[in-house]
Amino acid sequence: MSNLENLFHQEMINIYARGLKECGYRASRFLVMVNETGGLQAAKTLINAPGVSDGFAALWERGRPDLTVEAIILDPKWKELFTGHELDIARGRLSKVGLSCVIHNPLPAKRVYGEIL
């Protein structure tokens, strides 16, 4: 496993912990999958499934689509781990729930008249 894959695996563990801490979502099956197959394979399995996972739906219902695998893989630092098709699937799923904006924007927000744009 490459260093980037190891870092991604840890990121997958982190989104489980954040989901539990920040919105009370215990994604037990997700955690088992990550621990059994590794974070990268778990993400690819979820992304390549025919529809959204129960975890995606649960996080969206809790107002936290930013904690979904779909949102995580769109971070540019993970780009080389996924195919263009997989990234398109992630963008499409997030777009369907109203997140058509870029999730991971490396540029700071602009302030105009004291308001963030």
Side-chain angles (χ1 to χ4, degrees):
M1 194 180 314
S2 73
N3 187 45
L4 187 61
E5 289 176 34
N6 283 329
L7 291 170
F8 183 78
H9 177 82
Q10 187 57 51
E11 183 69 15
M12 293 285 279
I13 299 294
N14 289 342
I15 64 171
Y16 167 81
R18 288 185 61 201
L20 182 59
K21 181 180 179 182
E22 296 173 21
C23 59
Y25 178 58
R26 185 179 306 275
S28 301
R29 287 185 291 168
F30 172 82
L31 187 60
V32 168
M33 181 188 298
V34 169
N35 285 325
E36 287 182 352
T37 67
L40 181 58
Q41 185 56 52
K44 287 181 170 286
T45 297
L46 292 166
I47 290 299
N48 288 296
V52 298
S53 67
D54 292 343
F56 182 98
L59 289 164
W60 176 75
E61 288 170 356
R62 288 167 170 80
R64 295 304 306 268
D66 60 303
L67 295 178
T68 62
V69 171
E70 287 79 359
I72 297 304
I73 75 165
L74 291 177
D75 187 321
K77 68 184 166 191
W78 311 124
K79 182 179 180 182
E80 70 183 71
L81 297 175
F82 298 93
T83 67
H85 180 68
E86 289 167 333
L87 297 172
D88 287 343
I89 291 169
R91 279 187 210 94
R93 288 181 183 168
L94 291 168
S95 179
K96 286 181 182 176
V97 296
L99 289 178
S100 59
C101 63
V102 175
I103 301 294
H104 297 279
N105 186 348
L107 302 174
K110 293 183 180 180
R111 288 190 178 269
V112 176
Y113 302 111
E115 294 183 24
I116 295 178
L117 298 179

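Remember, predicted model here, so these are calculated numbers, not experimental data. Values below: all heavy atoms of this structure, side chains included; hydrogens, waters and symmetry mates excluded.
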Same apolar cluster: L67 and L31, side chain cutoff 4.5 Å: no
Using 0.5 Å steps for rounding, measure from the NZ atom of K77 to the CD1 atom of I72. 8.5 Å
What closest approach, in Å, do D88 and R91 show between heavy atoms, and which atom pair accounts for it? OD1-NH1, 2.8 Å
Could you give the distance from CD (Q41) to NE2 (H9), rounded to the nearest 0.5 Å? 13.0 Å
Can you name the nearest heavy-atom pair linking P65 to L94, along with the distance? O-CD2, 4.2 Å
Side-chain donor/acceptor pairs under 3.5 Å, residues 55-64, sequence neighbours excluded:
{"from": "R62", "atom 1": "NE", "to": "C23", "atom 2": "O", "distance (Å)": "3.4"}
{"from": "R62", "atom 1": "NH1", "to": "A58", "atom 2": "O", "distance (Å)": "3.2"}
{"from": "R64", "atom 1": "NE", "to": "D66", "atom 2": "OD1", "distance (Å)": "2.9"}
{"from": "R64", "atom 1": "NH1", "to": "E22", "atom 2": "OE1", "distance (Å)": "2.8"}
{"from": "R64", "atom 1": "NH2", "to": "E22", "atom 2": "OE1", "distance (Å)": "2.9"}
{"from": "R64", "atom 1": "NH2", "to": "D66", "atom 2": "OD2", "distance (Å)": "2.8"}

Testing the basics here: between A42 and M12, what is the closest heavy-atom pair and its distance to 0.1 Å? CB-CE, 4.2 Å
For a side chain to side chain contact (heavy atoms under 4.5 Å, CB included) check, start with the C-alpha distance between M33 and L46, then their side-chain angles and the critical distance, and finish with the verdict. CA-CA 10 Å; M33 181 188 298; L46 292 166; 4.1 Å; yes
Residues pairing under ring-ring contact (aromatic ring centres under 6.0 Å, His included) where one sits in residues 66-89, two or more places apart or in two chains, turn out to be F8-W78, F8-F82
With sequence neighbours left out, what residues match R26 under salt bridge (Lys or Arg N to Asp or Glu O under 4.0 Å)? none
Sorted by chain and residue number, the side chain to side chain donor-acceptor pair (under 3.5 Å) partners of D54 (sequence neighbours excluded) come out as R29
Joint hydrophobic cluster, V69 plus V32, side-chain heavy atoms closer than 4.5 Å: no
Once side chain to side chain donor-acceptor pair (under 3.5 Å) is applied, do any residues pair with Q10, and if so which ones, sequence neighbours excluded? N14
At what distance, to the nearest 0.5 angstrom, does CG of L40 lie from CG of L7? 12.0 Å
By side chain to side chain donor-acceptor pair (under 3.5 Å), N6 pairs with (sequence neighbours left out) none
Taking a hydrophobic cluster as the set of Ile, Leu, Val, Met, Phe, Trp and Tyr residues connected by side-chain heavy atoms closer than 4.5 Å, whether directly or through intermediates, do Y25 and V52 fall within one such cluster? no
Distance col, row E11:CD vs I73:CD1, nearest 0.5 angstrom, shows 12.5 Å
Is it possible for you to say whether I47 and L81 belong to one hydrophobic cluster, with membership spreading through side-chain heavy-atom contacts below 4.5 Å? yes
